[in-house]
Amino acid sequence: QVQLVESGGGLVQAGGFLRLSCAASVGTFSNDAMGWFRQAPVNAREFVAAFSLSGGRTYYADSVKGRFTISRDNAKSTVYLQMNSLKPEDTAVYYCAARRAIGGYAATRNYDHWGQGTQVTVSS
């Protein structure tokens, strides 16, 4: 059974930082590409960051490039999202997801499994 469990969300002031974690079941972490998405109220779920299927490349949404960093710890089957210089517009529920599609890293339809989400709130 595939499991993705996010943690690390919370309330932070603008300019602050948070690190999100996503613990994945071992089989998922070995065979799938991992990504992060977010969804603010009344908005569609949007791409934030992802690894390529090989794990050798990373991709970012323009809105977070230079501020967020996706990384992984293979020994812990965990993927992270380091979020720096946070802005109020980063407020959303953040989701970890896993896919086996080679391309289409930014499209939600290409992801097979999702975590339950963790709330990030950035106050101004």
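In this text, all values refer to a predicted model and were calculated from it rather than measured experimentally. Just so you know, these numbers use all the heavy atoms, side chains as well, and skip hydrogens, waters and symmetry mates.
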Open item on the list: Walk me through whether Gln13 and Val122 qualify under side chain to side chain contact (heavy atoms under 4.5 Å, CB included).
Closed with: CA-CA 5 Å; Gln13 288 188 331; Val122 184; over 6 Å; no
Open item on the list: Pair Asp32, Arg100 - check salt bridge (charged side-chain N to carboxylate O under 4.0 Å, His left out), show working.
Closed with: CA-CA 5 Å; Asp32 294 38; Arg100 293 198 174 180; 2.7 Å; yes
Task: Pair Asp90-Lys87, salt bridge (charged side-chain N to carboxylate O under 4.0 Å, His left out): steps then yes or no - done: CA-CA 5 Å; Asp90 294 319; Lys87 305 174 181 180; over 6 Å; no
- [ ] Please report the C-alpha distance between Val93 and Thr118 in whole Å, then the side-chain angles of each, then the deciding distance to 0.1 Å, and finally whether the side chain to side chain contact (heavy atoms under 4.5 Å, CB included) criterion is met.
- [x] CA-CA 5 Å; Val93 176; Thr118 185; 6.0 Å; no
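Atom CD of Gln82 sits about 8.0 Å away from atom OG of Ser71, to the nearest 0.5 Å. Rounded to the nearest 0.5 angstrom, Leu4 CG and Ser25 OG are separated by 6.5 Å. Taking CD of Glu6 as the reference point, atom OG of Ser21 lies at 10.0 Å (rounded to 0.5 Å). From Asp112, atom CG reaches atom CZ of Arg99 across 10.0 Å, with rounding to the nearest 0.5 Å. Between the CG atom in Leu11 and the CD atom in Gln119 there is a gap of 9.5 Å [rounded to 0.5 Å]. Distance check: Thr58 OG1 to Tyr105 OH gives 10.0 Å after rounding to the nearest 0.5 Å.
Contact detail for Ser52 and Ala33: the closest heavy-atom pair is O-CB, 3.7 Å. The two residues Gly8 and Leu18 have their closest heavy-atom pair at O-CD2, 3.9 Å. Across every non-hydrogen atom of Leu20 and Gly9, the tightest pair is CD2-N, 3.6 Å. For the residue pair Arg67 and Ser85, the shortest heavy atom distance occurs at NH1-O, 2.9 Å. Considering all non-hydrogen atoms of both residues, Val79 and Ile70 come closest at CG2-CG1, 3.8 Å. Asn31 and Leu53 get closest at one heavy-atom pair: O-CD1, 4.0 Å.
Atom NZ of Lys76 has 12 or fewer heavy atoms from other residues, nucleotides or ligands within 6.0 Å.
No hydrogens or angles considered: nothing links the side chains of Arg19 and Tyr80 as a donor-acceptor pair under 3.5 Å.
The side-chain tip of Arg72 points at the ring of Phe51 from less than 6.0 angstrom away and within 45° of straight on. Taking the ring axis of Tyr95 as reference, the NZ or CZ atom of Arg45 stays within 45° of it and closer than 6.0 Å to the ring centre.
You'll find the side chain of Leu81 reaches within 4.5 Å of the side chain of Val48, heavy atoms only. With a 4.5 Å cut-off on side-chain heavy atoms, Ser63 and Arg38 count as touching. At least one side-chain heavy atom of Met83 sits under 4.5 Å from a side-chain heavy atom of Tyr94.
Screening Trp36, Phe37, Phe47 against Tyr111 for a ring pair (Phe, Tyr, Trp, His ring centres under 6.0 Å) leaves a single residue, Phe37.
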